[in-house]
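Below you'll find the structure, written out as C-alpha cells, and then a few comments.
So you know, we letter chains A, B, ... as the sequences are listed, proteins then strands, and number each from 1. Just the heavy atoms: all of them, side chains too, but no hydrogens, waters or symmetry mates, feed the values below.
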Amino acid sequence: MKKQDKILTIILIAGLFVFILSADLFFDSYIKRVLNLCAIYTILALSMNLINGFTGLFSLGHAGFMAIGAYVVGIFTVPVEMRSMVFYLKPMHPLIANIELPFFAALILGGLLAALVAFLIGAPVLRLRDDYLAIATLGFSEIIRIIITNAQSITNGSLGIKNIPPTANIWWIFGTAFVTIVFIILLISSSYGRAFKAIREDEIAAEAMGINLFNHKVLSFIIGAFFAGIGGGLYGALLGTVDPKNFLFVLTYNFLLIIVLGGMGSVSGTIISAFIVTAGQEWLRFLDEPLSIGSFDIPLFRPGFRMVVFSILLMLIVLFYRNGLMGTKELNWDMLKRIGSKFSFKRPKGGEAK
Amino acid sequence: MSNVVPILKTQGITMRFGGITAVNNLSIEVNPGEIVALIGPNGAGKTTAFNMITGVYTPTEGRIIYCGKDITGMKPDQITKNGIARTFQNIRLFKKLSVLENILIARHLRLKSDFLSATLRLPQYRMEEKQMREKVDVLINEFGLSKYQHEVASSLPYGVQRRLEIARALATEPSLLLLDEPAAGMNPKETEELTHFIRDIKERYNLTVFLIEHHMELVMEISERIYVLDFGETIAKGTANEIQNNPKVIEAYLGVEEDA
Ligand SMILES: Nc1ncnc2c1ncn2[C@@H]1O[C@H](COP(=O)(O)OP(=O)(O)OP(=O)(O)O)[C@@H](O)[C@H]1O
Ligand SMILES: [Mg+2]
C-alpha cells in the first residue's frame, strides 16, 4: 500500500471509531439496532461470499450455520437462575442446565460448533456440483431447524429461548464485524485465497495445478460456517431471543441478495450492499403495512410485499446487472480518488468541450 | 538405450466411454530428457491419453508408471505434485485473474504453511510468499510476460495466453511437461518460434516433453520419437523419418485429408 493510502486508511478507521462512539452516545435505540443489524449482516454475507463468491460453491445452508451459533449463545448465556422460567414447558437437560458461559466464550463456541457441523456435512455434500450442492445444503439447513424445534430439552423447541442477556452492544458487534472483515481480506489475499479463486474460475485447471479441490472446498466451507456461527451468536444476543422461525430459508435468501447485489467475490461490495439492503429493508417496512389514501386501500400493501419488492430487485440484478455493484473488484483509494475528482468543482484547464 | 529407465511408461492403457473405446491398449515409453510426440487424426484419442496420464480419467485397463511409481488412479493434483504438468488443448487459464495470480496459483502446491499462518501472515508464511513471488518473477521475465503481469488473463492476445499457460505449468516445478497442441491456431512463423521456445525451455528447466501436435513441421523437427494413434489404436511408432515413410500413417492421414 502507498504511504498516502495507509494514512487515509488509518483516518477512515479512526473516523469509523468516532462514528460508533457517537452512535453509541447519541443515537436512539432504533437506529442503533438497525446499525447493529447491518454489521451482523455484513459478517453473515461476507462469510457466505467466501463460500459462494470466492470459492464458487453454490451453498444455501447459511441460515443453518447461523442458527447453530445463535442457539449456542442462547443456551449458554441465559443466567442459570432464569432457566426454569425460560424452559417452562420442559426443563433444560440436566447435563447443560448448570453450565453458564461468558458471552465471548459462548460466541466462539457457537462458531466452532458451526464449523464442526460444516466439516461433517461437507465431506459428503461438497463432492456434489452446483445445483445439487445447493439443494443438499438447503436441505441441511432445514434439518438443523427441525432438530432445533424438536430437541426441546436443549433448545426449548418452538418456544425459543428468551432472556438472552443483551451483551452484544454496538462495540461488540462492530468490533466483531471489523475482525471478520480483516480476517477475510487477509485470507483471500493469501495463497489459500488464490487457490479458492482458482477453483471458482476452473476446477479442472485448478486441480491440474496441484490444488486439492476437496480439501480447499471443505476449508472454505468451514471458515464460512465459523463466521456464520459467530454472526448468528451476535444476532441472538442482539434480539435477546432465538426461535426456530428466525432461521427460515428466507434469511439465506437475504444474504444471497446482498452478495449478488454487492458483487460475488468482492469484500467491499458485500459490506456496502449489506448496509444498503439491511437498512433498506427496515426503511421499507411500511410496504408490509396496509396503506390507504383517503378511504381507498392500496391493494398491494400487506405483509410480504416487502419481500416481493426485494425479490424483483434480485431478478433485475441477475437479468441486467449480473456483476452487482463491484463484480469481483474491490473499492480502493485510487478508485475513490477518481470518483472524488469527478465530483469536485475543479475544471480541467482548457475548458469544456462544447 | 535399453538400460535407460523411462520417466513415463504406460502399460496397455485403455479408456472406454460406454461403448466407445477412445484409446485401446496404448503402451508408450518416454525417456528422461526426450521430446516425444503423440500424433494422429482428429478424434484419435490423443487428449484422452493425456487425460489418463494426468489423472483426469482413470484408465479402464492398464497401468501408468511415472519414475518407477505406479500412478494409476491418482487424482490430478497428486500427479502434479509428483512432477507432471500439462497444458490444455482449449486453453484453460484462470480467466478473470491476473497473469501474476495465474502463475502464483501454480506455486500453491509447494506451500507448507497452513491457512491460519497464511491468514495471520506468520513469519514462515511471509518467507514462503516472498520466495514464491521471487520464483514467479523469474518466470514472468523469462517468458516475456512482465508487461502483462497485472492484466487479467482473458484480455491477453492468443499467443500470449498459450505462453502463459506453459509458464503456469512450469511454476509447479515439473520434470515431465505435457503439451496438448501448443501450436494450435498459430501461423507458420509463430509455430517456428514455438519450436525454438520448447527446445529452449526443455534445456533450461531440465524437462522431458511429451506433446500432441497437428503441425507436422514442428513435430518432425522437434521430436526424437513419435507415436501415432488412429481410432484409439497405436498404428506406428518410431523416429520422424520412420513415421514419414510409414504407409499406415500416410493412409490414416490421407483418409482425413479434408479435415486438416
Ligand atoms: N468424456 C468423454 N466421454 C465420451 N467420449 C469421449 C470423452 N472424451 C473423449 N471422448 C471420445 O473419445 C474419442 C477421442 O477423443 P480425444 O479428444 O481424445 O481425441 P483427440 O485425438 O484429442 O482429437 P483432436 O485432435 O480433435 O483433439 C472421440 O471420439 C471423443 O468423442
Ligand atoms: Mg485433443
Side-chain angles (χ1 to χ4, degrees), chain A residues 50 53-56 112 115 119 127 179-224 226-227 263-266 322-323 326-330 332 334, chain B residues 50-51 54-56 75-88 90-98 100-122 125-126 128-129 132-133 152-154 165 168-174 178 180:
Chain A
L50 175 68
F54 286 101
T55 320
L112 290 176
F119 174 71
R127 297 188 192 277
V179 171
T180 308
I181 293 167
V182 171
F183 188 95
I184 292 199
I185 289 176
L186 286 173
L187 173 66
I188 57 170
S189 59
S190 78
S191 188
Y192 284 88
R194 289 193 292 263
F196 293 161
K197 287 188 248 177
I199 294 173
R200 172 190 74 195
E201 293 295 309
D202 188 332
E203 290 199 358
I204 292 176
E207 209 175 17
M209 292 305 117
I211 294 169
N212 184 314
L213 294 184
F214 183 67
N215 289 356
H216 285 82
K217 285 179 181 181
V218 171
L219 181 64
S220 163
F221 199 56
I222 289 177
I223 299 171
F226 173 80
F227 285 107
M264 299 278 262
S266 169
R322 196 159 301 164
N323 289 334
M326 304 292 299
T328 55
K329 292 198 187 66
E330 294 297 347
N332 56 34
D334 288 338
Chain B
F50 266 28
N51 282 340
T54 56
V56 176
K75 304 276 274 167
D77 58 284
Q78 292 173 306
I79 289 176
T80 308
K81 281 191 189 110
N82 274 293
I84 303 182
R86 73 175 290 182
T87 62
F88 294 89
N90 314 304
I91 308 177
R92 296 192 93 113
L93 291 168
F94 305 118
K95 290 199 188 68
K96 276 195 273 174
L97 306 182
S98 71
L100 182 63
E101 281 178 303
N102 264 276
I103 306 181
L104 280 169
I105 284 164
R107 291 218 54 86
H108 181 67
L109 79 171
R110 306 283 172 216
L111 188 75
K112 294 192 186 67
S113 304
D114 61 274
F115 89 93
L116 212 54
S117 354
T119 305
L120 303 176
R121 303 289 194 270
L122 297 186
Y125 174 77
R126 283 200 207 196
E128 282 192 283
E129 169 92 19
M132 207 187 252
R133 284 180 185 270
V152 291
S154 59
E165 214 193 8
R168 187 181 68 171
L170 288 186
T172 65
E173 294 182 8
L178 307 187
D180 195 344

Is the backbone N or O of B:Lys96 less than 3.5 Å from a side-chain atom of A:Glu201, with the two atoms forming a donor-acceptor pair by type?
-> yes
Please look at B:Arg133 and chain A and tell me whether the side chain, the backbone, both or neither of the residue comes under 4.5 angstrom of a heavy atom of that chain.
-> side chain
Does any heavy atom of chain A fall under 4.5 Å from the side chain of B:Ala85, the backbone, both, or neither of them?
-> neither
Check for a donor-acceptor pair, side chain of B:Thr119 on one end and backbone N or O of A:Leu186 on the other, with a separation under 3.5 Å.
-> no
Does any donor atom in the side chain of B:Ser117 or B:Asp114 lie under 3.5 Å from an acceptor atom in the other side chain?
-> yes
Proximity breakdown for B:Arg107 and chain A, heavy-atom pairs closer than 4.5 Å | neither
Return the option, out of B:Leu104, B:Leu111, B:Val56, with the maximum number of heavy-atom pairs under 4.5 Å with chain A.
-> B:Leu104
Who in residues 215-224 of chain A is close to chain B, using a strict under-4.5 Å heavy-atom cut-off?
-> A:His216, A:Leu219, A:Ile223
With distance as the sole criterion, is a donor-acceptor pair present between the side chains of B:Arg121 and A:Ser189 under 3.5 Å?
-> yes
Measuring heavy-atom distances to chain A, does B:Phe88 have an atom under 4.5 Å in its side chain, in its backbone, in both, or in neither?
-> side chain
Verify, without hydrogens or angle tests, whether B:Arg86 (side chain) and B:Asp180 (backbone) share a donor-acceptor contact under 3.5 angstrom.
-> no
Which of the residues A:Ile188, A:Asp202, A:Leu187, A:Thr328 is involved in the greatest number of heavy-atom pairs with chain B at under 4.5 angstrom?
-> A:Asp202
Whatever's closer than 4.5 Å to a heavy atom in chain A on B:Thr54 counts as neither
Evaluate the ring planes of A:Phe183 and A:Phe227, with Trp represented by its six-membered ring, and classify them as parallel (under 30°), tilted (30 to 60°) or perpendicular (over 60°).
-> tilted
More than 12 heavy atoms from other groups under 6.0 Å of NZ on B:Lys75 = no
Non-hydrogen atoms of chain A under 4.5 Å away: do they reach the side chain of B:Leu116, the backbone, both or neither?
-> side chain
If one checks every heavy atom of A:Ser191 against chain B at 4.5 Å, the contacting part turns out to be both
Check: B:Asn102/A:Arg194 side-chain N/O donor and acceptor closer than 3.5 Å = no
Short side-chain to backbone donor-acceptor contact, B:Glu165 and B:Arg92, under 3.5 Å = yes
With a 4.5 angstrom heavy-atom cut-off, could you sort out which part of B:Ser113 is near chain A: side chain, backbone, both or neither?
-> backbone
Is the count of non-hydrogen atoms from other residues, nucleotides or ligands lying under 6.0 Å from A:Phe119 atom CZ greater than 12?
-> no
With a distance cut-off below 6.0 Å to the six-membered ring centre and an angular limit of 45° from the axis, does B:Arg168 pair with B:Phe94 as a cation-pi contact?
-> yes
Return the option, out of B:Leu93, B:Ile105, B:Asn82, with the maximum number of heavy-atom pairs under 4.5 Å with chain A.
-> B:Ile105
